[in-house]
Every structure is written in C-alpha cells, then in structure tokens.
Enquirer: 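What follows is a single structure, and I will ask about it in a moment.
Heavy-atom basis, side chains included; hydrogens, waters and symmetry copies ignored. Nothing here was measured: the structure is a model prediction, and the numbers come from that model. First listed ligand is number 1; within each ligand, the first listed atom is number 1.
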Amino acid sequence: MLYVVPTPIGNLEDITLRALRILKEVSVVYAEDTRTTRRLFDHYEIKTPLRSFHAHNEHAVVERVADDIAAGTPVALVSDAGTPGISDPGFLLVRACVRKGVRVECLPGATAFVPALVSSGLPCDTFHFEGFLPHKKGRQTRLKYLATLPHTFVLYESPFRLLKCLEELETFCGADRIACVARELSKKFEEVKTAPLPELKAHFSAKEVKGEIVVVVAGKSE
Ligand code: SAM
C-alpha cells in the first residue's frame, strides 16, 4: 500500500488523526525535503525513517520505490506542504504503483487551492485548476487560453511575480474581471481579497508582497 499523506500548508493543526497514525505506522516516509518534514515529525513525535523523494530524483527512484511497496513495504509519501501530486512530486510514483497493481490511498487533507477557491466568493461548482504558469515560454499562450474559460480558474503564484501576474491577467481578461488573491492561508497573516483586477493591483502595489499566494479568477461570463 502507498499512502499519499497531505500535510499542513501553514497551521500545524491542519493534519488529520488518521494521517498522524499512518505516518507513525508505515515503515518509511518519502519526503520532498526531509528537513521540512522533520519539523512536522518532531512536533508530533513521529520517529518513522525519512527518505528523500523530490523533483530531482523522482524519475530515478520511482520504480525502485514502487517495487518495494509491491514487495510488501508499507510506505507513505508527503510533500513539503499540502497534498503530494498537486504542484508537487507524487504523480510519477502513484502512476507506477497503479500500473503495478499496488493499492494507493490518498488521504483527504490540506491543499491550498480549496480554501482559496471557497473563500474567494467566486463560483466553485465548476472550476479549472491551473497551478503554476510557465515563467517564460508558453506563459502568454496559457493566459490567453485561461482568459476564455467560462468558469473560475485557480493559479499558484510566487509573491515576486504577483503584480506581473495581475497585470497580465488584466491584459488578457479585461479590467472588469473579478479575481481573488488568497495569501498565507491558515497562517497568522492570512489575507483573502476579492476585487476587480485593477483594484487588486493597486492594493498589492502599496506594500511589499510576502508569503504564499493563490490567485482565483472568475470565468469569462461572470
Ligand atoms: N501541494 C501543495 C498543495 O496541495 O496545495 C502545493 C505545493 S506548491 C509547490 C506551493 C504553492 O502552493 C505556493 O507557491 C502557493 O501558490 C500555494 N500555497 C501553499 N501554501 C499556501 C498558503 N498557506 N497560502 C496560500 N498559498 C499557498
């Protein structure tokens, strides 16, 4: 069995009782950055051995890890924050397990886009999750496509690129499109602001933008 285990995106209390039990019971936990996961483990007194599983070794180790699991080793996979596989390593290992007939259980839990989407006040019955846009090549093409979607879409963005992103969204979606910037969710300085794009730009230009950010944008018809 491979357990895919979501971990908090800020507030250490945002982890389920089941996640804590499984992290204690498995033989090994594969982690994106073992130092980050070690802090969570220390907080909850989890002593399970940690091994590295990140974007740079994912391709190389995926078959070996999947074979270990197939041979009977119970394994959990975590990323630095939120749900593995969501803009984080995980997909390749899950796919390898599925192909080998190994059972995969992804626990329900923390992820950044759900609280951002729900608290934005924008329609969340149908939505598109985009994650990170490419930094350079393909960025404009992607934005042009997103601007045509009739439903809400969700981006992950770095604080350093937020203003550029809002500027680009205004160019492609128009100045009357409503969007939401959800910053530092579940943390002390959480901020969720929903407004037309020019107003968001003005708000976030007034001070240095810090922290982790999700941008939620209304669909074309809204
Ligand atoms: N696996 C994670 C998930 O399930 O959401 C996403 C990992 S991705 C590498 C990190 C990005 O998620 C950040 O750059 C930001 O866009 C978003 N994010 C993570 N934590 C956040 C938080 N507390 N508040 C707002 N956005 C957050």
Enquirer: Might you point out which heavy atoms bring Thr83 and Gly109 nearest each other, and give the distance in Å?
Expert: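 Nearest pair, atom of Thr83 first, then Gly109: OG1-O, 4.2 Å.
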
Enquirer: Who's touching ligand 1 if we go heavy atoms under 4.0 Å?
Expert: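 Heavy-atom contacts below 4.0 Å: Ile9, Ala81, Gly82, Thr83, Ile86, Ser87, Asp88, Thr111, Ala112, Phe132, Tyr156, Glu157, Ala182, Glu184, Leu185, Lys187, Glu212, Ile213, Val214.
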
Enquirer: Can you tell whether the side chains of Glu212 and Lys187 come within less than 4.0 Å, N to carboxylate O?
Expert: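 Looking at Lys187 together with Glu212, the answer is yes, because their closest N to O distance falls below 4.0 Å.
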
Enquirer: Okay, side chain of Arg103, backbone of Leu2: is any donor-acceptor separation there less than 3.5 Å?
Expert: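 Between the backbone of Leu2 and the side chain of Arg103 there is no qualifying donor-acceptor contact (under 3.5 Å).
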
Enquirer: Can you see which heavy atom on Tyr156 is nearest to which on Ser87, and at what distance?
Expert: CD1-OG, 3.5 Å

Enquirer: When you compare the side chains of Ser79 and Asp88, does any donor N or O come within less than 3.5 Å of an acceptor on the partner?
Expert: yes

Enquirer: Going by the rule ring pair (Phe, Tyr, Trp, His ring centres under 6.0 Å), which residues pair with His54 if we only count those two or more places apart in sequence or in a different chain?
Expert: His56

